[in-house]
Chemist: 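Dropping a structure here in structure tokens format, bear with me for questions.
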Amino acid sequence: MCPSDNELDQETDENEIIAQRRAKLSAIRKAGQAFPNDFRPDSKADALHAEYGEKSKEELAAAGLTVSVAGRVVLRRIMGKASFLTLQDTTGRIQLYIRQNDLGKEVYDDFRKWDIGDIIGAVGTLMKTNKGELSVQLSSIRLLTKSLRPLPEKHKGLVDMETRYRQRYLDLIMSKESREVFIKRSKIVDRIRRYFLDLDFMEVETPMMQAIPGGAAAEPFVTYYNALSVNMYLRVAPELNLKRLVVGGFDRVFEINRNFRNEGMSAKHSPEFTMLEFYMAYADYHNLMDLSEDLMRQVVADVLGTQVFTYDGVDIDVSKPFQRFTLVEAILKYNPEISAADLADVENASIIADQRGVDVHTDWGLGKLHMEIFEACVEDHIQQPTFITQHPTEVSPLARRNDDNEFVTDRFELFIMGKEIANGFSELNDPEDQAQRFLEQVKAREAGDKEAMHYDDDYITALEYGMPPTAGQGLGIDRLVMLLTDSASIRDVVLFPHMRPKAQ
RNA sequence: GGGCCGUUAGCUCAGUCGGUAGAGCAGUUGGCUUUUAACCAAUUGGUCGUGCGUUCGAAUCGCACACGGCCCA
């Protein structure tokens, strides 16, 4: 595609700077190929600094090393017959030294018309300036891509949060910190994936679109599939499909992928978010807690190179054993004024919940009340890594009942700095109990609970064929990345967070 | 959904008591062969988020709306 320039000048947000740059591009087009794609750099900025940054001016002069680099011009210091450029590539920045005597007057005069933001390719010799900065003294320079729009201010960068989210590419150009968040995110996901592959887990992909949404208490997004003339739901979790695979004989499976939940956005919630889910046959929730501790230590060690990291000013130490409390123990520990006897009584538990700002529904059982009380007055106070276990059966419709107390399940959640990072349990593999739990969910749906689960007949059928004793877990990747990058909002760890479209 | 704050040049921000808009960076022109937030001189650039209202007069006061941020539910 090669539209001529006059087809393109109908922009409404055109200003003088863009007009000047379009004129420059027009001149470049007339002179030849304006968007060449035949330049191949052989070096990256950070690698050059790492390898040659310590060499002396004299050593580099004697070595006469030729390198080629490419990237975006981010700073310029133009003098009469010589100039310095700061070039930014994926890895970092490197200074380029350009002399009219080396390139010829014609090339130098052309180069002087280029702008900050342009993408260039350059070849030259490694050198050090009198002030000791590693630089490339150029023998040739080429404009590879003309930038038509001016970059944000060079010292303070792009500050406006809205623009940083809506135009993430600008944020990435301007902010090293932002780039590092997403580089770390990639490393975290990579490390997690290797962890499971090393334990003989198999990575799978299960449907994003489901006829019956299941696997979590959440309201789904609805879409319509024309070919089948049916409503489909974007998945709220991959759980039921992954357990079908365990029925099928894949004993260890995991999936790292997106879930969609049709609920509000906040610093902790995004309508689409990335989740690790894994299922392990012949294991229980105690095994998963042990595995989770080990996983956390390995990921933190490999990605951050330490066992202690700081989040929101608090040092988090993953090297110590993670604390473990049952949900009821945690409520009592953080709220000395509440008694175990009160929590055992629906009336008193309702009063306790109400006093803590919970909008109590009359049809809630004791289990739901416990969960709400926990969320209202414990969750936010947990800082160091802590497992909360034995969630009520009433709020855990897919989890196995505890052998000693059928009011609770063999379940845990991992909390760090008030954030729920993981949720796992010994799986309910009794098809008749599962059918009964689904029926209770359906009753709740009919009573108006949009987050209650649907009855999944085929899932019951799968369990009736027999699912081995299994434990399974979900781990929120975005929240983990928030922790390990000290990010206050989930939007800061999602490349393109959803924003309300701007009105035209 | 509620509360608070924000929206002024491409970017970062000033703008007093209501009197018709400023700086730095970026841009343009000129100078400068080791600069580094380069520097020196000159200079261009604005529907003050949108709409309505109050007023002789609104970036400034009021109301509504839009978008965003933080907090709460």
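Order of the sequence lines sets the chain letters (A, B, ...), proteins ahead of strands, with each chain counted from 1.
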Chemist: With nearest nucleotide decided by heavy atoms, which residue, A:Met499 or A:Ser266, maps closer to the 5′ end of RNA chain B?
Modeler: A:Met499
Chemist: Given the C1' atoms of B:rG53 and B:rA58, what is the spacing between them in whole Å?
Modeler: 11 Å
Chemist: Test for a donor-acceptor pair under 3.5 Å between the base of B:rU36 and the side chain of A:Glu133, counting only N and O atoms.
Modeler: yes
Chemist: Which whole number of Å gives the distance between the P atom of B:rG1 and that of B:rA38?
Modeler: 47 Å
Chemist: How many angstroms lie between atom CD1 of A:Ile212 and atom CG of A:Asn231, to the nearest 0.5 angstrom?
Modeler: 12.5 Å
Chemist: State, to 0.1 Å, how close A:Gly53 and A:Leu134 come at their nearest heavy-atom pair, and which atoms those are.
Modeler: N-CD2, 4.2 Å
Chemist: Considering only the P atoms, how many Å lie between B:rC65 and B:rG2, rounded to the nearest integer?
Modeler: 9 Å
Chemist: For A:Met174, answer base if it contacts any base atom (sugar-phosphate contacts may also be present), sugar-phosphate if it contacts only those atoms, and nothing otherwise; contact means non-hydrogen atoms under 4.0 Å.
Modeler: nothing
Chemist: Taking side-chain hydrogen bond (donor to acceptor under 3.5 Å, both in side chains) as the definition, give me every residue that meets it alongside A:Lys443, ordered by chain and number, with sequence neighbours left out.
Modeler: none
Chemist: A:Arg112 near the nucleic acid: base, sugar-phosphate alone, or nothing, with a heavy-atom cut-off under 4.0 Å?
Modeler: base
Chemist: Under 4.0 Å, heavy atoms only, any strand: does A:Asp160 hit a base, just the sugar-phosphate, or nothing?
Modeler: sugar-phosphate
Chemist: For A:Leu151 and A:Phe84, find the nucleotide of RNA chain B closest to each by heavy atoms; which residue's nucleotide sits nearer the 5' end?
Modeler: A:Leu151
Chemist: Should A:Arg500 be listed as having a side-chain N or O under 4.0 Å from OP1 or OP2 of B:rC67?
Modeler: yes
Chemist: Taking atom C1' in both B:rC32 and B:rA42, compute the distance separating them and give it to the nearest angstrom.
Modeler: 16 Å
Chemist: Regarding A:Arg491, tell me which of base, sugar-phosphate or nothing describes its non-hydrogen contacts under 4.0 Å with the strands shown.
Modeler: sugar-phosphate
Chemist: Remember a base hit wins even if backbone is also touched, and classify A:Lys24 as base, sugar-phosphate or nothing at under 4.0 Å, heavy atoms.
Modeler: sugar-phosphate
Chemist: For B:rC48, give the paired nucleotide (Watson-Crick: N1-N3 plus N6-O4 or O6-N4; G-U: N1-O2 and O6-N3; both under 3.5 Å), or none.
Modeler: none
Chemist: Within this structure, what is the CD-to-C1' distance between A:Glu379 and B:rC72, rounded to whole angstrom?
Modeler: 16 Å
Chemist: Name the residue from A:Arg77, A:Arg72, A:Gln95, A:Glu133 that meets the side chain to side chain donor-acceptor pair (under 3.5 Å) definition with A:Thr86.
Modeler: A:Arg77
Chemist: Without decimals, in angstroms, what is the distance between A:Glu263 CD and B:rG1 C1'?
Modeler: 16 Å
Chemist: Suppose you measure atom C1' in B:rG6 against the same atom in B:rA14; what distance do you get, rounded to whole Å?
Modeler: 15 Å
Chemist: Could A:Asp171 and A:Arg168 be called an ion pair, given the rule that one side-chain N must be under 4.0 Å from one carboxylate O?
Modeler: yes
Chemist: Nearest whole angstrom, please: distance from the P of B:rC32 to the CG of A:Asn101.
Modeler: 14 Å
Chemist: What is the distance from CG of A:Leu158 to P of B:rG68, rounded to the nearest Å?
Modeler: 16 Å
Chemist: Please state the P separation for the pair B:rU43 and B:rU20 - nearest whole angstrom.
Modeler: 22 Å
Chemist: Heavy atoms under 4.0 Å, any strand shown: does A:Tyr165 hit a base, just sugar-phosphate, or nothing?
Modeler: sugar-phosphate
Chemist: In whole Å, what separates the C1' atom of B:rC70 from that of B:rU44?
Modeler: 38 Å
Chemist: Could you let me know what B:rU43 is paired to, Watson-Crick or G-U wobble, both distances under 3.5 Å, or none if it's on its own?
Modeler: B:rG27
Chemist: Is there a donor-acceptor contact under 3.5 Å linking the side chains of A:Arg185 and A:Thr274?
Modeler: yes
Chemist: Tell me: CD of A:Gln137 to P of B:rU35, nearest whole Å?
Modeler: 14 Å
Chemist: Tell me, please, which residues at least two apart from A:Asp38 pass side-chain contact (heavy atoms from CB on, under 4.5 Å).
Modeler: A:Pro36, A:Arg142
Chemist: Separation of A:Lys113 atom NZ from B:rG27 atom P, in whole Å?
Modeler: 16 Å
Chemist: Verify whether the ring centers belonging to A:Phe374 and A:Phe415 lie closer than 6.0 Å.
Modeler: yes
Chemist: Generate the contact string for nucleotides 37-50 of chain B. Rules: B means base contact, S means sugar-phosphate contact only, - means no protein heavy atom under 4.0 Å.
Modeler: BB-----BS-----
Chemist: Tell me which nucleotide, if any, is Watson-Crick or G-U wobble paired with B:rU7 when both distances must be under 3.5 Å.
Modeler: B:rA66
Chemist: Between B:rC52 and B:rG57, how far apart are the two P atoms, rounded to whole Å?
Modeler: 15 Å
Chemist: Check whether the side chain of A:Glu162 and the base of B:rU7 form a donor-acceptor pair under 3.5 Å.
Modeler: no
Chemist: Could you check how far CZ of A:Arg72 sits from C1' of B:rA26, rounded to whole Å?
Modeler: 15 Å
Chemist: Applying a 3.5 Å limit to both distances, which nucleotide forms a Watson-Crick or G-U wobble pair with B:rU60?
Modeler: none
Chemist: Taking NZ, NE, NH1 and NH2 as the nitrogens, is one of them in A:Lys368 or A:Glu394 under 4.0 Å from a carboxylate oxygen of the other?
Modeler: no
Chemist: In whole Å, what is the span from the CG atom of A:Asp118 to the P atom of B:rA26?
Modeler: 15 Å
Chemist: Just checking A:Gly157: base, sugar-phosphate only, or nothing, at a heavy-atom cut-off of under 4.0 Å?
Modeler: sugar-phosphate
Chemist: How about A:His391 and A:Phe425: are their ring centroids closer than 6.0 Å?
Modeler: no
Chemist: Does B:rU54 sit syn or anti, given that only angles within 90° of 0 count as syn?
Modeler: anti
Chemist: Return the nucleotide paired to B:rU35: Watson-Crick means purine N1 to pyrimidine N3 with N6-O4 or O6-N4, wobble means G-U with N1-O2 and O6-N3, both under 3.5 Å.
Modeler: none
